[in-house]
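For reference, the structure discussed in these notes is given below.
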Amino acid sequence: MASEAELRLRERLSKLRSLPLLGGARLSGELERLQRQLDRMTAEPTDEEIWRSVELARHADRPYTLDYVARLLDDWFELHGDRGRADDGAMVTGLGKLDGRTVVLVGQQKGRDIQERTKRQFGMPYPEGYRKAMRAMELADRHGFPVISLVDTPGAYPGVAAEQHGQGGMIAQSQALMARLRVPTVACVIGEGGSGGAIAIALADRVLMQENAIYSVISPEGCAAILWRDASQAKKAAAAFKPDAAHCLELGVIDGIVPEPEPAAHADVDEAARLLGESLRDALDELDSFSGDELRRRRRAKFRSLGIFA
Amino acid sequence: MASEAELRLRERLSKLRSLPLLGGARLSGELERLQRQLDRMTAEPTDEEIWRSVELARHADRPYTLDYVARLLDDWFELHGDRGRADDGAMVTGLGKLDGRTVVLVGQQKGRDIQERTKRQFGMPYPEGYRKAMRAMELADRHGFPVISLVDTPGAYPGVAAEQHGQGGMIAQSQALMARLRVPTVACVIGEGGSGGAIAIALADRVLMQENAIYSVISPEGCAAILWRDASQAKKAAAAFKPDAAHCLELGVIDGIVPEPEPAAHADVDEAARLLGESLRDALDELDSFSGDELRRRRRAKFRSLGIFA
Amino acid sequence: MAEPHIDVSIETKDVPPAPRRDPNTCPSCQSHYRDDELEANLWLCLHCGHHFPMTARARITSLADTGSFVEEAADLRSEDPLNFFDLRPYTERLAEAEMSTGLGEAIVIGQAAVENRSCELAVMDFTFMGGSMGSVVGEKFSRACDSAIERTVPLVTVTSSGGARMQEGILSLMQLPKTVCAVEDLHDAGCALIVVMAHPTTAGVLASFASLGDVSLAEPNALIAFTGPRVVQQTTREKLPDDFGLAEQNLRFGHLDAIVHRQELRPTVARLLRLFDGE
Amino acid sequence: MAEPHIDVSIETKDVPPAPRRDPNTCPSCQSHYRDDELEANLWLCLHCGHHFPMTARARITSLADTGSFVEEAADLRSEDPLNFFDLRPYTERLAEAEMSTGLGEAIVIGQAAVENRSCELAVMDFTFMGGSMGSVVGEKFSRACDSAIERTVPLVTVTSSGGARMQEGILSLMQLPKTVCAVEDLHDAGCALIVVMAHPTTAGVLASFASLGDVSLAEPNALIAFTGPRVVQQTTREKLPDDFGLAEQNLRFGHLDAIVHRQELRPTVARLLRLFDGE
Ligand SMILES: [Zn+2]
Ligand SMILES: [Zn+2]
């Protein structure tokens, strides 16, 4: 089994080397970093490396959505509200120009200090937050603007009002809308890609992950609590369900990995933003050649192919 | 001016006589009733007759939406909820068969006794009610079912929560959705067609009014309070702004008048339902020949032509 | 057994300005100004920043590049289809409004540029019969949509309205679906609608085109409500929150994208025009 | 400065049935039944009407016309892409589930007729690893959509699930967008989705295809929640309403069209099939 998995991985990697997504000729100055990254990928990440990703993805200084917005988008105009009953601080939406091209951005936002974290519910949106994102994506579809989605959430908010206002239904609706869009869509997990709260805005033509982000169906603590009956076995659980970028790439769940500066994004936010911008731009360029109907058809076909069974 | 208005009215009436909408050959058994109705129309309704319509439209025994549903639709299945936060009792939505053809019905519902009136807010929907109607209309559009809308409301609910949840915006959104639908739509005012609360579900291919219904921008009492500074001048106000069916037809705001049994719908609900069913069926038959795009184009052109100016 | 004859019409009865107050006295800090002082400062209180109402002409001057505005459909005038007569004839009210405002109706439309970006403008004027929407307001707004479509430019509308114009009866209600259909045509043509809600934006205008913006801005403290505070209070006897119906509450409840100070309005609109310009 | 590692995963940890309780004892009135007694009565308590869980096979028997069901994709089996091992290997859990239920996975799909109307059925089974959704559940549901599209018939799905199947890691999360895309294909083909939510319908299944029905039905007292009551209580320490997450609350908050007693389910589904049959 292990060698088969490695073969699959090597095949992916060789394909990856030729992909414009990770740079190709454009990234000539970064071949070294790329090589390091690829080396790390060819070696199965150790349990320690997986746990390091978990810690880095949740690092208190890790750049958040608005840190990237400030560095990547010109003429940023934030859109507020779901036109129903709230303006969810955990979900940021807006219009901006990426290299002169207007895009709609949606993304979770955690919050830097206690006050902002409260206001933004630690990046856990209510149903209203997903409806807010849907409104922004509908605007994008109406005007032909690409959608960039930055995923960074422990998960959707788990509360009484959130349930009453239809958390599950709204996450489904948001995905359904993304499956209908006729504009190019690129999602990137920039920190925690936590379960349903993440996938709600990640049904995109291209799905990327930053090198040290995690993407998972459950938190390591939650998984440990259920399967090991002991939340402190989180490290063991993470090693078992492998939320790191390399494994997500191997499983075909993401299309590419966005490099981070050493040792991780928070060490050099400007450089992290530059690298993210590069990847987003490449992905959008790649999608430019497809019609809206073609994008939609391919997007659905891609997600419908995910899963491994006999 | 009066004679010019009368000329316009006569022209309309002669057109009306040949319209399948009001029956033509099919209504051979009802020519008498029709003649009575036409006679009444050719004579400018008196202030007394206008006020009689106001009283009949609000009559406590007047049939409501569900009274017609019970008599006209087979296999009725009521749809509940806005998939957001509420199930507004003032707005009824559902699927049913009209002569074997599946339709989506939306309509305000007042309530017969005190308990039901409270539950249904006297037929005044919250924004959630309009969102509920939108959900049903989207279902219709997805499956190609015609939409029948029965209008019977003093107006949208005027309250703190209603405002906070976006009453104005939702009324606009509901109209916008109706302007986008690609399925045939028929609206009929069956009692009070009160201002924004009514038009929210009345942007239809064919707009009908029952003989004794009223359709107005403001209640007579409200108009009197503003313009006469005296709410008790309601009768005078009604005479001035003419909410009766004959005048609405004359102004081109509605496409046809649905006859009622004598003296009004509440006297013979079965017969009133039969006559309403006849008109709805005729209107739907008439719309059958148009494609979805054509329906939409014509619908918008019709509403964009409303208004009288120099 | 009577139905509740609650007045939920789209005409709010309590829209400012309060009739007795001197229009040039700041209601927040009581400072008094001459017209020319206010005009020189975007009709903002120099002391506290209160946003005084602006006429359509002043608004256009403040937004459009100098000399860029080309008015359209200026000659349209209301008729009196109902021969409406309350305490005075509608025709008399119309004539008086035209005399006192110098406008033909409660909305002015035309082509313009803002920081060199082309757009269409549709600006309402509250001083013309409370910015009420009758057949001409509906028609002119719709024509503004068509003009924007023809040139594939965004439509920027500044709203200020007490609601539908009762004196045109049911035809005034029909201006809601009419303007909604025009906005749908605009959107189908790929053009953006940018809405700026000035004080007050209520009732029929809020329940139609004003709520359909791709982007919705409002001025500080503007009343934005379908049913105004007084009517809500009267009919439901609910205790109203302090900022009931104000722009700030609307932002909190998710109905607005931003509240923009008047000094920031022109650059904000320009930014949005750049964004909606696509490439 | 640590982030709150709140567990908001799509796997709820508190889904019934409570492990120690005898499955044939009514939790409402404590009546005890033999299997054959319950089977003869649609797994309803004869005394109080409590809805016992139903296996997929029993559900299909109760819904489909006799002999009409033709199963599809019965041979699909889960793999173990992560070599997942917690206290026991995933492969062992799978084998055990298959042994104890006689099913290959937590969902059964196939062609059927209900009161002589053709449809496609996709019925989940909670007894197979808590009805959790891994790659095979996602694939089989998607194939049910395709089978419905091919014959232009409605898809009727009965859901019962604790959420995504952790043991397949991120691939189980991907079954959400996968099934959502399948439903969108179904809708684009003009076919209806009728959802019947049985106890419990939670987490990943609720956050994907279960919430996208043209019509959404639920059985009485079914738990329908994205995050289950225990987790909500633990993480937010909020006081939970008595009927938190139950079908009745979901109906009140607008998330369901109807709560249908099991005895009424077959005629209700038949009525909906007639309605969606168009002409
Ligand atoms: Zn001042
Ligand atoms: Zn029992």
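In what follows, chains carry the letters A, B, and so on, assigned in the order in which the sequence lines appear, proteins first and then strands, with residues in each chain numbered from 1.
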Short question: side chain of D/Ser135, backbone of A/Ile308 - any donor-acceptor pair under 3.5 Å? yes
Heavy atoms only: give me the nearest A/Ala310-D/Glu79 pair and the separation to one decimal. CB-OE2, 3.4 Å
Who among A/Gly159, A/Gly307, A/Gly168 has the most heavy-atom pairs with chain D under 4.5 Å? A/Gly168
Sub-4.5 Å side-chain heavy-atom contact between D/Thr227 and A/Gln167: no
Counting only non-hydrogen atoms closer than 4.5 Å, does D/Phe244 touch chain A with its backbone (N, CA, C, O), its side chain (CB onward), both, or neither? side chain
Nearest-0.5 Å distance that lies between atom NE2 in D/His187 and atom CZ in A/Arg180: 9.0 Å
Between D/Ile170 and A/Pro243, is there a side-chain heavy-atom distance shorter than 4.5 Å? no
Report which part of D/Val232 has an atom under 4.5 Å of a heavy atom belonging to chain A: side chain, backbone, both, or neither. both
Of D/Ile224, D/Val180, D/Thr236, the largest count of non-hydrogen pairs under 4.5 angstrom with chain A goes to D/Val180
At what distance, to the nearest 0.5 angstrom, does CG of D/Leu82 lie from CZ of A/Phe241? 10.0 Å
Name the region of D/Glu184, side chain, backbone, both or neither, that has any atom closer than 4.5 Å to a heavy atom of chain A. both
Do you know which two heavy atoms are closest between D/Ser211 and A/Gly169, and how far apart they sit? OG-CA, 3.4 Å
So for D/Gln233, is it side chain, backbone, both, or neither that comes closer than 4.5 Å to the heavy atoms of chain A? neither
Distance check, rounded to the nearest 0.5 Å: D/Phe226 atom CZ versus A/Glu163 atom CD? 7.5 Å
Determine yes or no for a side-chain-to-main-chain donor-acceptor pair under 3.5 angstrom, with D/His255 supplying the side chain and A/Gln164 the backbone. yes
Using heavy-atom distances under 4.5 Å, tell me whether A/Leu227 contacts chain D through its side chain, its backbone, both, or neither. both
Residues passing the side-chain hydrogen bond (donor to acceptor under 3.5 Å, both in side chains) test with D/Thr101, sequence neighbours excluded, are none
Part of A/Gln173 within contact of chain D (heavy atom distance under 4.5 Å): both
Hey, does the side chain of D/Lys178 reach the backbone of A/Phe303 with a donor-acceptor pair shorter than 3.5 angstrom? no
Does the side chain of A/Arg296 come within less than 4.5 Å of D/Asp188's, by heavy atoms? yes
Compare every heavy atom of A/Gly196 with every heavy atom of D/Leu173, then report the nearest pair and how far apart it is. CD1-N, 3.8 Å
Which residues pass the side-chain hydrogen bond (donor to acceptor under 3.5 Å, both in side chains) test with D/Asp185, not counting sequence neighbours? A/Arg300, A/Arg304
Is the number of heavy atoms from other residues, nucleotides or ligands within 6.0 Å of CD (D/Glu150) greater than 12? no
What pair of heavy atoms forms the shortest contact from D/Ala164 to A/Val217, and how long is it? CB-CG2, 3.6 Å
Enter the distance from D/Ser142:OG to A/Leu306:CG here, rounded to the nearest 0.5 Å. 10.5 Å
Under 4.5 Å between any side-chain heavy atoms of A/Ile199 and D/Met174, yes or no? yes
SG on A/Cys223 to CG on D/Asp86, rounded to 0.5 Å: 7.5 Å
A/Gln175 side chain to D/Ala207 main-chain N or O, any donor-acceptor pair under 3.5 Å? yes
Per-residue tally against chain D (heavy atom, under 4.5 Å) across A/Ala162, A/Ala176, A/Gly166, A/Ala179 peaks at A/Ala176
Tell me if a side-chain donor or acceptor on D/Glu139 pairs with a main-chain N or O of A/Phe309 at a distance below 3.5 Å. no
D/Leu171 CG to A/Lys242 NZ distance, which is reported to the nearest 0.5 Å: 11.5 Å
